[in-house]
Number of protein chains: 2
Amino acid sequence: MSNTNVLPLIEPEPAAAAAPCCPPLTERPFSADEAETAARMFKALGDPVRLRLFSAVASHEGGEACVCDISDVGVSQPTVSHHLKKLKEAGLLTSERRGTWVYYRVEPSVLAAMGKLLAFGPAAA
Amino acid sequence: MSNTNVLPLIEPEPAAAAAPCCPPLTERPFSADEAETAARMFKALGDPVRLRLFSAVASHEGGEACVCDISDVGVSQPTVSHHLKKLKEAGLLTSERRGTWVYYRVEPSVLAAMGKLLAFGPAAA
DNA sequence: CATCTATGTTGACATACGTCGAACCAAGGG
DNA sequence: CCCTTGGTTCGACGTATGTCAACATAGATG
């Protein structure tokens, strides 16, 4: 630890796998395209190691963490790197190198989008 | 159709893969056990075909549908059956045979649990 | 009982996935 | 410069996964 004082000021635009996904799962049957898109996100979180890594980043101070702080999940370091890459490809995380370390941070819009997917629409229960 | 008027009073306990899962992903790093449990649910929805089937059931009238109503997802009938089984094993769906047809319905508590997982905790960002 | 329809099960197969060790880039410090 | 520490990429390997065709089972119906 060391530099928790980095200001998240210059976010230059993450990517394009985030928000415009789909309606709530309970609203209407998903189309093939919607399913493809949404499944990609669920799949990314469908592995215990990835879920732990994601949770570690998400719960870390400022929603970001360097690899060295979260790589204690019981698998080799290359495997950690591999999973972080997967999460990045799924649009759930972004990474940035600052000096010696690489920092990963969550893409908040994606969490929100997934939350909406699971939420009941109007008044179901 | 029929029983939208069922009061959620005496829910006799569905199974054991539902509610007591985990805190929000952003609250603290998941333990290995929590990750294992939660990942199983995400994984179940991590396939496009399963997601379409689940969405079809969830959005169907009364939260239940017979296989014949949802099996038009572009794969063979055995494959549909296979995926429905997976969803059932993951605790996301339950099935019941009524006469000739088999009806699948969503397990609401699971949706709620997953929603909570994705929700931001107290005031995170 | 014969049979037809609706689902589930089995076996096989190609592909995807998770994992590791080794080799490889990046940044600092003698 | 070289060497050490932090991370990623590569190649390989075993296992899991999605898919289908063929077969099996459950009710309904004649």
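Naming: A, B, ... by sequence-line order, numbering from 1 per chain.
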Between C1' of C:dG8 and CD1 of B:Ile70, the distance in whole Å
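Computing the B:Ile70:CD1 to C:dG8:C1' distance gives 14 Å.
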Which part of the nucleic acid, if any, lies within contact of B:Tyr103, taking any heavy atom under 4.0 Å across all strands shown: a base, the sugar-phosphate backbone alone, or nothing?
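Contact class for B:Tyr103: none.
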Let me have a per-nucleotide readout for nucleotides 18-25 of chain C, 5' to 3', with B, S or -, counting only protein heavy atoms under 4.0 Å.
SBBBB---
Any side-chain to backbone donor/acceptor pair from B:Arg52 onto A:Ala35? Under 3.5 Å, distance only.
no
Under 4.0 angstrom between [X] side-chain N/O and [N] OP1 or OP2:
X        : N      : value
A:Trp101 : C:dA27 : no
B:Tyr104 : C:dG8  : yes
A:Thr100 : C:dA27 : no

Mind checking side chain to side chain contact (heavy atoms under 4.5 Å, CB included) for [X] and listing every partner two or more places apart, or none if nothing turns up?
X       : value
A:Lys88 : A:Ser95, A:Tyr104
B:Asp72 : none
B:Thr79 : B:Val75, B:Ser76, B:His83
A:Lys86 : A:Arg50, A:His82, A:Glu89

Just how far is it from atom CD of A:Glu107 to atom CG of A:Leu92, taken to the nearest 0.5 Å?
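That separation rounds to 9.0 Å.
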Report the distance from atom CG of A:Leu117 to atom CG of B:Leu45, rounding to the nearest 0.5 Å.
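The CG atom of B:Leu45 is 9.5 Å from CG of A:Leu117, to the nearest 0.5 Å.
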Toward the 5' end of DNA chain C, by each residue's nearest nucleotide, B:Cys68 or A:Gly99
B:Cys68
For a 4.0 angstrom threshold against heavy atoms of chain B, report the outermost contacting nucleotides of DNA chain D in 5' to 3' order.
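Terminal contacting nucleotides, 5' to 3': D:dT17 to D:dA28.
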Go through the steps for A:Glu64 and A:Arg98 under the test salt bridge (charged side-chain N to carboxylate O under 4.0 Å, His left out), then give the verdict.
CA-CA 12 Å; A:Glu64 94 172 3; A:Arg98 282 205 297 277; 2.5 Å; yes
